[in-house]
Q: 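Provided herewith is a single structure, encoded as structure tokens, for subsequent inquiry.
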Amino acid sequence: MDDERRKRLEDTTRYDPSEVEGRILERWLDGGYFHPDAEGSPDENFSIAIPPPNVTGALHMGHALNGTVQDVLTRLNRMRGRNSLWALGLDHAGIATQAVVERELGEEGISRRDIGREAFVERVWQWREQYGSAIIEQFKRLGASCDYDRERFTLDEGYVRAVVRVFVALYDKGYIYRDNYIVNWDPGSRSAISDLEVENREVEDRLYYIDYPLEGSERVLTVATVRPETMLADTAVAVNPDDERYGDLVGEHCILPLVGRRLPVIADEHVDPEFGTGALKITPGHDPNDFEIGRANGLDEIVVIGEDGLMNAQAGERVAGLSVEEAREAVVAALREEGRLRDEETYLHSVPYSHRSGHRVEPLISLQWFCRMDELAKPAIEVVERGQVSFVPERFARVYLEWMHGLRPWVLSRQLWWGHRLPVWYCDACEETYVAESPPERCGACGGELRQEEDVLDTWFSSALWPFAVLGWPDNTPELRAFYPTDVLVTARDIIFLWVARMVMMGLEFAGDIPFDDVYITPVIQAADGRRMSKSLGTGIDPLDEIDNHGADGVRFGLLAMSSTQDVRYSAERIQQGQDLANKLWNASRLVLLNAAPDNSRQEQAPVGAPGGTSLVQGPPSSERVEDRWIVSRLQRAIEGATASIDSYDFAHAALDLYDYFWSELCDWYLEIVKPRLYDGDADASATLLWVLEQTLALIHPAMPFVTEEIYSYLRGELGDDAPEMLVVHSYPEMDPELIDEQAEREVQAWIDLTRQVRRWRDLVGVAAASVLPARVSGGDATPPHELVGRLARLSFDGAEGEALATFGSVEILPSEDVDAEQVRHRIAERRDALLSEVARAEGKLSNARFVDKAPADVVEAERAKLARYQAELEELHP
RNA sequence: GGGCGCGUAGCUCAGUGGGAGAGCGCUCGCUUCACACGCGAGAGGUCGCUGGUUCGAAACCAGCCGCGCCCACCA
């Protein structure tokens, strides 16, 4: 370390993330550490495909958590010597992106239709060029070690080929087809949307009871509906086949009020006799349920609401051109006028809304492209049932499987401009349809001109190909060969159906293998008050602000520490804890780096041949001192625990256990114990400290990469020339059972217990903190560990005499003017009471014959040992 | 209607069959030569309720109460 660096280390008593993070990131990027060669096999290598953020996106807490988790896994595996790729890219996000650019146009007072499709799409591309990399820069600030040199976009030229290839193949298999079918129509985006893009909201509506007169009779059939305007498209009335009230009417006809159409009365199981009047008006054109009934009974399908959300000509002169709401009022008014409205009441029920636009979904029959899912689902179900793809937490596997078993066809086409245009061409002259990767010049049947389908694909169609398309499929690229299948998918539970399930299906169908082995579902981070984090509610917290205020390491640690198998509330305290930890790491390292005297003679045994050439340069220290063996042993425990936790995706325990090891064991005890030796230039202490620090930094690096890398830049000079250039490619510590030293652990734990007992006693009897109390070792000299306990608990063993005030093990505290005798008596009385009650508890348990007989022997034995300990302490207690 | 998850210290959460834990907050004491983003000590809990299983339950089982989420075509 040169003088300037040393000076800086000495002067910087507070770790400043904002000064460090930018230049560390730059060194990582310049070093190419995130850009693996496409070599080796998927089994040897490690890979993750990032859930591609929307180009319109800004980093939110979900990304921050999700990104941190993926980065921990990627960095850990990279350090383990596996060739590791975190594949990066952005999603074109059809509706979202189109909406952003449309809004921008709107501010200029123009609509997308004013400028036309080509110009509009051009405009979106411009927008993407200008703003589309914002979120990528934000991921960098988090420290995400993605491969920024292999960025993909779901509308890249290669990606388009992948989408077209898949569409055509599914069409050729007969899975993709075009049909007139009832769909969820979103009047907001003016497009069909899939079932998954619909959310149900509780809404208070009015339920109207309408009399439908029976043909040739005075009787009426009363139906109940919340959508009276759709009666204009009614084509039947249905009753339950077992409903005795109406059994005689099945086969008869009603006359539709206002319209006069004859409606057959049919019987259908779907009708609930308990609801309303037990008679259901059937509107196949505007209700999914009625649509099914209609198809089953061969009913006419009439559509009265257009894709513009207005009543169409079919609805009749009276209401044509009106909005749905206006039409409802008009229809109700007309019914009332004709005396057909029997009753109305308020009614609370769930109503479909578009997840995207927020508009109330209008079910209607429309000509769209669909994909059958049943065949694709079968193998995707099997791989999860077999555990070939496993979910963490496990319960999500059931969620996945339940959904997969009831899959309905997927509406693929969207009436948007931004997206993958369907590879479908029509000949207007002869109505021929061509579905192909590239269309023929002219219609093969009649020679007419071909016109490409205007619709684009659901964004999730291209997303479904992500794990292999991001690696270059359909080309047989080196990346595909080296990194597919990926190891793990890290995502949120709300897109298990939309995305995860479809990736499994498409991966199996087109890439010939599962897309990932594990699916780790992250918790949803709620606002601190338990509400959803959202911009509109004002409950969102910007991760970038948090990084500004607490550093990326603090944010990462906090997110890991607060994560769980269930949803969590955002914890500012955990972030602060992470920031404090970074500072503590920095300062503890300063202590070591500024005082350790490296013993270069110990650097010869550099293990070679570790994968990736990133071996530890120093072997473990060989000190015989108990405390040195203790910290080395405790480090092994920390390695074992953290590794096991991360490998089972338990990030909170990994983070908190590392915190505990570092702060409570390494700093609070080992550093305090070893300080005098360190200042004296003790070679064993220095060697142990440097080695433990190196290991600890490596251990914590995946979670807190910046601060550990910064410290490593100072440490590296102490390690010798073989040390890896940067910590990011340092080998990850492995637990060495040889270094576990139970005897040292017991011994030092006893010192710690003793020290704490003395400190507690001092505090309770009110001794001033600075006072050094006279003490004596019963039956011996003040040798270690008493010397040590004396230093840590401020005792002096300088041969004073007198009757002991208190005894802790072999340490006797002697009277002095600093101790208030009255307080001591009081304290002793309290302790006696506590011990007596513990003794009573233990004796009670042990005198219970059933306990002694039935409990395992070791449990009984442990209880006896406790009792003995309490009784011994009682005897030692001074009167 | 079905399913899932959760009720543990003032707050946010760990703990899943043998003496109730962490972080923050709180109290007391410390400018102890790495760190006041610090050091030492402490207070604080009928583990939602009721029953059951067990020698022993915060944990396992059943029921109930409360909260949250997902799925579902009762108009």
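The figures here come from the full heavy-atom set of this structure, side chains too, leaving out hydrogens, waters and symmetry mates.
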Q: Mind listing the side-chain donor-acceptor pairs of residues 847-854 of chain A below 3.5 Å, one per line with the distance, residues two or more places apart or on another chain?
A:
residue	atom	partner	partner atom	Å
A:S847	OG	A:E843	O	3.1
A:S847	OG	A:G844	O	3.0
A:N848	OD1	A:R850	N	3.0

Q: Tell me which residues in residues 573-586 of chain A put a heavy atom below 4.0 Å from RNA chain B, sorted by number, or none.
A: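 Contacts with RNA chain B under 4.0 Å: A:E573, A:R574, A:Q577, A:Q579, A:D580, A:N583, A:K584.
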Q: Just name whichever nucleotide pairs with B:rA58, Watson-Crick or G-U, keeping both distances under 3.5 Å, else none.
A: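 Looking at the geometry, B:rA58 pairs with no nucleotide.
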Q: Detail all sub-3.5 Å separations between protein N/O atoms and N/O atoms belonging to nucleotides 1-6 of chain B.
A:
none

Q: Tell me which nucleotide among B:rG15, B:rU12, B:rA75 gets nearest to the side chain of A:S571.
A: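 The answer is B:rU12.
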Q: Sequence neighbours left out, what passes side-chain contact (heavy atoms from CB on, under 4.5 Å) with A:F497? Give chain and number order.
A: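 side-chain contact (heavy atoms from CB on, under 4.5 Å) list for A:F497, sorted by chain: A:L196, A:V399, A:W403.
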Q: Write down the distance separating the P atoms in B:rA43 and B:rG56, rounded off to the nearest Å.
A: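 Going atom to atom, P in each nucleotide, I get 31 Å.
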Q: Hey, which of A:L792, A:L678, A:T755 is the one that makes side-chain contact (heavy atoms from CB on, under 4.5 Å) with A:I673?
A: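 The residue from A:L792, A:L678, A:T755 that satisfies side-chain contact (heavy atoms from CB on, under 4.5 Å) with A:I673 turns out to be A:L792.
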Q: Run the numbers on A:D11 and A:K7 for salt bridge (charged side-chain N to carboxylate O under 4.0 Å, His left out), then give the verdict.
A: CA-CA 6 Å; A:D11 292 348; A:K7 179 86 168 65; 2.5 Å; yes
Q: What integer number of Å spans the C1' atoms of B:rC64 and B:rA72?
A: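 The answer is 26 Å between these two C1' atoms.
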Q: List the residues meeting ring-ring contact (aromatic ring centres under 6.0 Å, His included) with A:W410, not counting sequence neighbours, and say none if there are none.
A: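 A:W410 satisfies ring-ring contact (aromatic ring centres under 6.0 Å, His included) with A:F461 once adjacent residues are dropped.
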Q: Under 4.0 Å between a Lys/Arg side-chain N and an Asp/Glu carboxylate O for A:E362 and A:R227?
A: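 Counted as a salt bridge, because a side-chain N and a carboxylate O are separated by less than 4.0 Å.
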Q: Considering only side-chain heavy atoms of A:R590, which listed nucleotide, B:rG23, B:rA34, B:rU12, is closest?
A: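 My answer, after comparing the listed nucleotides, is B:rA34.
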Q: What is the pairing partner of B:rU31, taking Watson-Crick or G-U wobble pairs with both distances under 3.5 Å in any strand?
A: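 Because no pair has both required distances under 3.5 Å, B:rU31 counts as unpaired.
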Q: With respect to the phosphate group of B:rU12, does any side-chain polar atom (N or O) of A:Y570 fall under 4.0 Å of OP1 or OP2?
A: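 It does not, given that no N or O in the side chain of A:Y570 lies less than 4.0 Å from OP1 or OP2 of B:rU12.
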Q: Which nucleotide sits closest to the side chain of A:H349: B:rC35, B:rC73, B:rA75?
A: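 Between B:rC35, B:rC73, B:rA75, the one nearest the side chain of A:H349 would be B:rA75.
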Q: What is the separation between atom CG on A:D195 and atom C1' on B:rC70, rounded to the nearest whole Å?
A: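 Rounded to the whole Å, the gap is 15 Å.
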Q: List for me each residue that meets side-chain contact (heavy atoms from CB on, under 4.5 Å) alongside A:S350, sequence neighbours excluded, and say none if there are none.
A: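 side-chain contact (heavy atoms from CB on, under 4.5 Å) check on A:S350 returns A:N200, A:E202.
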Q: Return each pair, listed once, that meets salt bridge (Lys or Arg N to Asp or Glu O under 4.0 Å) where at least one residue sits in residues 549-568 of chain A; pairs must be two or more places apart or across chains.
A: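 Qualifying pairs, neighbours excluded: A:D71-A:R556, A:R493-A:D567.
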Q: Atom CG of A:L658 to atom C1' of B:rA14: distance rounded to whole Å?
A: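 Rounded to whole Å, this separation is 16 Å.
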Q: Would you name the heavy atoms of A:V237 and A:V223 that are closest together and state the gap between them?
A: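 Looking at all heavy atoms of both residues, the closest pair is CG1-CG1, 4.1 Å.
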Q: In the 5'-to-3' direction, what one-character label does each nucleotide of nucleotides 40-47 of chain B receive under the scheme B = base within less than 4.0 Å of a protein heavy atom, S = sugar-phosphate only, - = no such atom?
A: BSS-----
Q: With both distances under 3.5 Å as the test, what is the Watson-Crick or G-U wobble partner of B:rG63?
A: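 Pairing partner, where one exists within any strand: B:rC49.
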Q: What's the gap between B:rC69 and B:rC60 when it is taken at their C1' atoms, as a whole Å value?
A: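 Rounded to whole Å, the distance is 26 Å.
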Q: For nucleotides B:rC73 and B:rC49, find the distance between their P atoms and express it as a whole number of Å.
A: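 B:rC73 and B:rC49 have their P atoms separated by 39 Å.
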Q: Roughly how many Å is it from CD in A:E199 to P in B:rA72, rounded to a whole number?
A: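 Answer to the nearest Å: 13 Å.
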Q: What I want to find out is whether A:E10 reaches A:R6 closely enough, with some N-O distance under 4.0 Å, to be called a salt bridge.
A: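 So A:E10 pairs with A:R6 through a salt bridge.
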Q: In whole Å, measure the gap between the P atoms of B:rU50 and B:rG68 for me.
A: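 One P to the other, the span is 24 Å.
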Q: I'd like to know if A:E672 pairs up with A:R791 as an ion pair, taking the criterion as any Lys NZ or Arg NE/NH1/NH2 lying under 4.0 Å from an Asp or Glu carboxylate oxygen.
A: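 No, no charged N to carboxylate O under 4.0 Å.
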Q: Please list, chain by chain and in numerical order, all residues satisfying ring-ring contact (aromatic ring centres under 6.0 Å, His included) with A:Y712, sequence neighbours excluded.
A: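 Scan of A:Y712 (ring-ring contact (aromatic ring centres under 6.0 Å, His included), adjacent residues dropped) gives A:H730.
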Q: By nearest heavy atom, map A:L280 and A:C667 onto RNA chain B; which one lands nearer the 5' end?
A: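 Result: A:C667.
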Q: Which value, in whole Å, describes the distance between the P atoms of nucleotides B:rC6 and B:rG42?
A: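 Comparing P positions in B:rC6 and B:rG42 gives a spacing of 34 Å.
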Q: Is it the case that the base of B:rC35 and the side chain of A:N587 share a donor-acceptor contact (distance under 3.5 Å, atom types as modelled)?
A: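 Looking at the base of B:rC35, it does not pair with any donor or acceptor on the side chain of A:N587 (distance under 3.5 Å).
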Q: Report, as a single string ordered 5' to 3', how protein heavy atoms within less than 4.0 Å touch nucleotides 56-61 of chain B: B base, S sugar-phosphate only, - not at all.
A: ------
Q: Using the P atom in both, what is the distance from B:rA58 to B:rC65, to the nearest Å?
A: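 It comes out at 23 Å once rounded to the nearest Å.
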Q: Would you mind writing out the side-chain donor-acceptor pairs for residues 285-294 of chain A within the sub-3.5 Å range, not counting sequence neighbours?
A:
residue	atom	partner	partner atom	Å
A:H286	ND1	A:P363	O	3.1
A:H286	NE2	A:V304	N	2.9
A:H286	NE2	A:I305	N	3.3
A:D287	OD1	A:N289	N	2.9
A:D287	OD1	A:D290	N	2.9
A:D290	OD2	A:T283	N	2.7

Q: Between B:rG48 and B:rG66, how far apart are the two C1' atoms, rounded to whole Å?
A: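 Here B:rG48 and B:rG66 have their C1' atoms 8 Å from each other.
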Q: Using ring-ring contact (aromatic ring centres under 6.0 Å, His included) as the criterion, list what pairs up with A:Y649, not counting sequence neighbours.
A: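 So A:Y649 forms a ring-ring contact (aromatic ring centres under 6.0 Å, His included) with A:Y520.
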Q: So that I can tick it off, tell me whether A:D494 and A:R532 are bridged by a salt bridge, with the cut-off set at under 4.0 angstrom between side-chain N and carboxylate O.
A: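 A:D494 and A:R532: not salt-bridged.
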